[in-house]
Protein chains: 2
Amino acid sequence: MKLDEAKKQFVSEWGTFGSKWGVNRTMASVHALLLVSSESLCADDVMEQLDISRGNANMNLRALIDWGLVRKTHKAGERKEYFYAEKDVWKVTRQVIKERKRRELEPLRNMLTELKHDVDVESPESEEFQKMMVELSSFADAADVALEKMVKSDQKWVFNSLMKFLKASS
Amino acid sequence: MKLDEAKKQFVSEWGTFGSKWGVNRTMASVHALLLVSSESLCADDVMEQLDISRGNANMNLRALIDWGLVRKTHKAGERKEYFYAEKDVWKVTRQVIKERKRRELEPLRNMLTELKHDVDVESPESEEFQKMMVELSSFADAADVALEKMVKSDQKWVFNSLMKFLKASS
DNA sequence: ATATTATTTCAAAAAGTTCTGAAAGTTCAA
DNA sequence: TTGAACTTTCAGAACTTTTTGAAATAATAT
């Protein structure tokens with residue numbers, strides 16, 4: 001398979017994958033394109049290679065910068081902005097965890113905490129509801145601390161811990 | 001806060017949360033509703049409580065059954081089908097992991113494996129691309145084994161491992 | 001200052017997804 | 001069988017999200 005063909009397939013499938021995880025398909029494609037481009041690309045490159053409009057390219061590049069996955073760069077003697085994606089897969093993963101945690105897990109935890117405290121416990125029904133909130137809440141908390149530790153750790157250490165986890169007998 | 005009010009809030013926010021993770025908002029709401037209903041509900045209950053059509057209720061209840069999160073039940077002397085959600089949060093989590101792994105992670109791994117083998121390595125550019133595929137691939141593989149182990153373990157054991165992970169100095 | 005080039009914005013259009021409700025299908029008791 | 005009770009289907013409608021592209025804004029060179 002030719003390189004260009006392979007890149008195209010990767011970009012397209014990464015887009016599909018993203019869309020199943022609540023990420024705009026185009027944003028995921030732009031990210032994939034930058035991931036497999038050793039050189040930085042400018043807006044026109046992205047527009048051309050993905051066949052999307054200027055507005056769309058601009059919007060999704062900015063979203064990627066917002067997510068901390070892409071940086072603007074400049075080339076000497078050129079006025080255009082270029083875009084470069086972090087290539088280290090572990091760093092990318094950590095960044096995604098960090099952002100989703102902040103944007104989604106934390107609001108969820110706040111909601112659960114509120115609900116578990118605010119409901120009047122005055123009937124078996126209420127108690128059951130509260131119990132569910134407490135369970136979900138401790139679950140979300142556990143996920144939170146685990147993810148926080150991952151975000152702060154380096155790849156080797158996490159892989160090592162994973163190995164121990166796998167070898168340990170359950 | 002009254003119980004009904006709290007339930008409504010939970011159902012609505014769980015729906016929002018779901019939609020950020022690529023789950024149909026209504027499906028997440030139906031799941032939430034069943035999670036906080038100690039009794040099984042029938043299609044009409046769901047339609048009424050969420051104010052949705054019969055078709056929509058039917059479709060999302062079936063999807064939940066498909067995901068292994070909800071079971072059909074019957075009440076003695078009644079012809080109607082009732083629906084009951086698994087309440088054990090750990091079991092629910094495992095089921096979701098299991099299904100997403102099967103539906104999404106495995107296709108992704110296949111794609112990466114193909115791409116890393118099929119591309120002609122004949123230039124520095126191709127080598128770089130292949131390197132990225134290899135990295136993503138081993139990453140996906142690591143996630144796969146870790147999740148597989150989780151799916152097969154019980155809550156206590158996973159929480160215990162998590163504790164060790166958190167206490168270990170990085 | 002002005003022209004030139006690059007970037008951002010945003011209203012309207014397109015595309016994609018979800019929902020409705022009536023009709024068709026199924027099940028089962030009589 | 002028949003028909004009442006319930007479930008499923010699906011075409012079109014409603015809604016949501018994404019995309020476009022032209023205009024506004026910004027940045028830089030001359």
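Below, chains carry the letters A, B, ... as their sequence lines are ordered, and counting in each starts from 1.
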Carefully, step by step, assess Phe83(A) and Ile65(A) under the rule side chain to side chain contact (heavy atoms under 4.5 Å, CB included). CA-CA 9 Å; Phe83(A) 300 89; Ile65(A) 290 170; 3.8 Å; yes
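Rounded to whole Å, atom C1' of dT20(C) lies 15 Å from atom CG of Asp44(B). Separating the OH atom of Tyr82(A) from the P atom of dT7(C) is a distance of 9 Å, rounded to the nearest angstrom. In this structure, Glu78(B) places its CD atom 15 Å from C1' of dA29(C), rounding to the nearest Å. The separation between Glu81(A) atom CD and dT28(D) atom C1' is 13 Å, rounded to whole Å. One atom, CG of Leu61(B), and another, P of dT9(D), lie 13 Å apart when rounded to the nearest Å. Nucleotide dC6(D) holds its P atom 12 Å from the CE atom of Met47(B), rounded to whole Å. The separation between Lys80(B) atom NZ and dT27(C) atom C1' is 16 Å, rounded to whole Å.
Comment: Glu86(B) does not engage Arg94(B) in a salt bridge, judged by the lack of any side-chain N to carboxylate O separation of less than 4.0 angstrom. Between Arg102(A) and Glu99(A) there is a salt bridge, since a side-chain N of the basic residue sits under 4.0 Å from a carboxylate O of the acidic one.
Between Phe139(B) and Trp90(A), the angle of the ring planes lies from 30° to 60°, which puts this pair in the tilted group.
Look at Asn58(A) and you'll find a side-chain N or O under 4.0 angstrom from OP1 or OP2 of dT8(C).
Shown here are the side chain to side chain contact (heavy atoms under 4.5 Å, CB included) partners of Asn160(B), two or more places apart in sequence or in another chain: there are none.
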With a 3.5 Å cut-off and sequence neighbours excluded, list the donor-acceptor pairs that the side chains of residues 130-137 of chain A form with protein atoms.
residue, atom, partner, partner atom, Å
Gln130(A), NE2, Lys116(A), O, 2.9
Ser137(A), OG, Lys116(A), NZ, 3.0

What does the B/S/- profile of nucleotides 17-27 of chain D look like, 5' to 3', with a 4.0 Å heavy-atom cutoff to protein? -SBBB-----B
